[in-house]
Structure formats: structure tokens, C-alpha cells
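Below is one structure, written out as C-alpha cells, with a few remarks after it.
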Protein chains: 2
Amino acid sequence: METVEHDKRKCPTHLSGHECTARLLPVKDALDILSGKWKLQIIISLTFGKKRFKQIQREIPGLTPKMLSKELKELEINELASRHVYDTSPVTVEYEITPYGKTLKPLIEELHKWGAKHRKRIIARK
Amino acid sequence: METVEHDKRKCPTHLSGHECTARLLPVKDALDILSGKWKLQIIISLTFGKKRFKQIQREIPGLTPKMLSKELKELEINELASRHVYDTSPVTVEYEITPYGKTLKPLIEELHKWGAKHRKRIIARK
DNA sequence: GAAATCGGTATACTTTAGGAAACCAGTATA
DNA sequence: TATACTGGTTTCCTAAAGTATACCGATTTC
């Protein structure tokens, strides 16, 4: 029953090295995009329409400008949100979810579905 | 730790309080379960069969006993994995994914799908 | 003239996630 | 007798994540 080979220590024994990388890395990539306290709240907020900096901040309670700035930059780098500057005074800046950002929808939906079931379960257990 | 509490925060203006809670909290709950460096690797490892403590540790490179212990406890609390102790000597402990834990599969699959596309995109852009 | 708005930045701090190493008792192996 | 395995715990540490607060110049409103 215990047929653990010693030369396969880098990956789970049931997976080859290639299979292991192929399975774990993308999941980790996706999680990197979504994890953290604010990223998803911002993304979800943007799925409801273009928003200005302070507007996002007002909508998400507790979110400091420093964090918002940092997260928006990361969303931009990953092409999930875009930043548009209009030459008004004072300057107007709008953030918008990109078409690519919208491809997150099924994933977020799945998170929502599972999370909702889980929440019901936890509450029922108390 | 991963307790589900009622959140009285204000919500984005475009959503009613109820809609906001309904939308954001479950997503956060799901993410709490999956985020972190080791949780998903452990879950995925367990989907391939029962495992013993040291066996999991050997399969996932870099995973320290402290982290493994902590993560397994959380998985147990959330009823995603179960712990079975057998009265052998030395004691045998087996961890197994629960039926409930298996319900994470579609979500993990979605993370994998999106992550794989994202990975291709990033690599292609370089 | 004072206050508030815009889109942020700078600095300093606390909190959390995670890592390294040592250690435990009981048993088996060399 | 010495070593290694079992399933973990304990302590100390660092790096990253996140918080708090003040500030900026330009402009609009009270």
C-alpha cells in the first residue's frame, strides 16, 4: 500500500513534476489576483460601472487612499482595470473594468456560490 | 479564525445593504478558505486520497510541520478534511477530504481555468 | 476668507503570515 | 547503543500586508 518513491519528492507522488506545476501554478496565479482584503471589493465595485478614485473610496468603507492606490495600480498592471485621466480642473480620473477584467465573472460567481453555501452551513451549525 | 460574523459595514451606494452583504461576504468567506500559501495545495493533495501527516509534508516541498498542523486544523474546523487516529504504535493519523470538501472542486476548477489563461497572457506579453 | 473637493503621496506604525530550529515521547531499526 | 521514524508543539524571528495620519496644489463652494 505504501509505495512512496523517494525520487519524486518535489511533487505529490501521484503527479509528475509537469502535472504538478500545471495544476498548482495557475491556481496560485488566480489566487494572487484575488486575495487580499480589498482587491475583490474593488473589482466588484467596478463591475457596476466606471468610478472615480474618491468614489470608490467612499463606497468601500475602511479603504484608505494608500491601499486603494496600490490595488488600482496592480489591477492596471494586470490589465483588469484601466485608468482614464480627463483634463478638467481639478483633474478627473476614472477607473473602469476592462473586458479582460470581466472574464473574472464566472470565477467570482463560483466563489460567490460556494461561499454562500458555506456561510449557510456555518450559520446553521451554530 | 474563520468565523462567519455579521458585518455591519456600510455598502457601495449602488447596492442596498442587503444586496451588498449578500454579494461580498460569501465571496470573502470562500476566499478565506482558499487563500494562503498552503491550503489549496493540501486540499488538492487530499483529493487524491487519504494521507498521513508526514506524507503530506513530504509531498508538499517547503511545508513545515507548524504550518501543516495549523492548516489541517482549519480544514477540520471547516469540515473540509477529517482526521482519523488509529491506535497503532507509533500512532497513525490519517487525513481525508470530506464529501463537503469535494464540493470545492468546481471552484478550484474555475480558479485553474482562469489562472491558466492568465498565465498564458502574462507570458505572451513579455 | 475658510472649508471642502479632487487624486493621490509620505511616513510611521501595527498586525499577520510564514519560516527556522529545537524539542517531545514512544517505537522500531541497524 | 545510536539513530530515525511517528505526529505534532514551542519559541523566536522576518517580511509583507495593512492602518493611521498628515500633507500636497489647484479649484470650487459656503
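Just so we're on the same page: letters track the sequence lines, and every chain starts at 1.
- The ring pair (Phe, Tyr, Trp, His ring centres under 6.0 Å) check on B:His118 picks up A:Tyr100, B:Trp114, with sequence neighbours excluded.
- The distance from atom NZ of B:Lys50 to atom CD1 of B:Ile56, rounded to the nearest 0.5 Å, is 13.0 Å.
- Summarising the geometry of A:Ser45 relative to A:Ile60, their closest heavy-atom pair is CB-CD1, 4.4 Å, with the distance given to 0.1 Å.
- Applying the side-chain contact (heavy atoms from CB on, under 4.5 Å) test to B:Ala116 and every residue at least two apart in sequence or in another chain returns A:Pro26.
- D:dG8 atom P lies 13 Å from atom OH of B:Tyr86, rounded to whole Å.
- Atoms CG (B:Leu63) and P (D:dG8) sit 13 Å apart, rounded to a whole Å.
- Qualifying side-chain contact (heavy atoms from CB on, under 4.5 Å) partners for A:Lys54, counting only residues two or more places apart in sequence or in other chains: A:Gln57, A:Arg58.
- In this structure, CG of A:Leu68 is placed 15 Å from P of D:dA20, rounded to the nearest angstrom.
- With sequence neighbours excluded, the residues that form a side-chain hydrogen bond (donor to acceptor under 3.5 Å, both in side chains) with B:Arg83 are B:Tyr95.
- Close to D:dT6, at under 4.0 Å from its OP1 or OP2, lies a side-chain N or O of B:Arg58.
- Sorted by first then second residue, the salt bridge (Lys or Arg N to Asp or Glu O under 4.0 Å) pairs that include residues 64-81 of chain A, not counting sequence neighbours, are A:Lys39-A:Glu71, A:Lys39-A:Glu74, A:Glu79-B:Arg121, A:Glu79-B:Arg125.
- Residue-level contact check: A:Tyr95 touches the backbone only, with heavy atoms under 4.0 Å from sugar-phosphate atoms and none from bases.
- Taking only side-chain nitrogens and oxygens, B:Arg52 never comes nearer than 4.0 Å to OP1 or OP2 of D:dT6.
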Can you give me the N/O atom pairs linking the protein to nucleotides 21-29 of chain D at distances under 3.5 Å, or say none if there are none?
none

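- Residue-to-nucleotide proximity on DNA chain D shows that, of A:Met67 and B:Phe53, the 5′-proximal contact is made by B:Phe53.
- At the heavy-atom level, A:Lys54 lies under 4.0 Å from base atoms of the strands shown.
- B:Asp32 places its CG atom 15 Å from the C1' atom of D:dA17, with the value rounded to the nearest Å.
- For the pair B:Asp87 CG and D:dT6 P, the computed distance is 18 Å after rounding to whole Å.
- Contacts between residues 70-84 of chain A and DNA chain C, defined by a heavy-atom separation under 4.0 Å, are made by A:Lys73, A:Arg83.
- By the side-chain hydrogen bond (donor to acceptor under 3.5 Å, both in side chains) test, A:Asp29 pairs with B:Arg119, sequence neighbours left out.
- The footprint of chain A on DNA chain C, defined by a heavy-atom cutoff below 4.0 Å, extends from C:dC6 to C:dA12.
- Partners of A:Lys113 by side-chain hydrogen bond (donor to acceptor under 3.5 Å, both in side chains), not counting sequence neighbours: none found.
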For residues 84-94 of chain A, please give each side-chain donor-acceptor pair under 3.5 Å, one per line with the distance, not counting sequence neighbours.
residue, atom, partner, partner atom, Å
A:His84, NE2, A:Ser82, OG, 3.0
A:His84, NE2, A:Glu96, OE1, 3.1
A:Thr88, OG1, A:Pro90, O, 2.9
A:Thr88, OG1, A:Thr92, N, 3.1
A:Thr88, OG1, A:Thr92, OG1, 2.6

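- Smallest separation of non-hydrogen atoms from A:Leu31 and B:Leu34: CD2-O, 3.3 Å.
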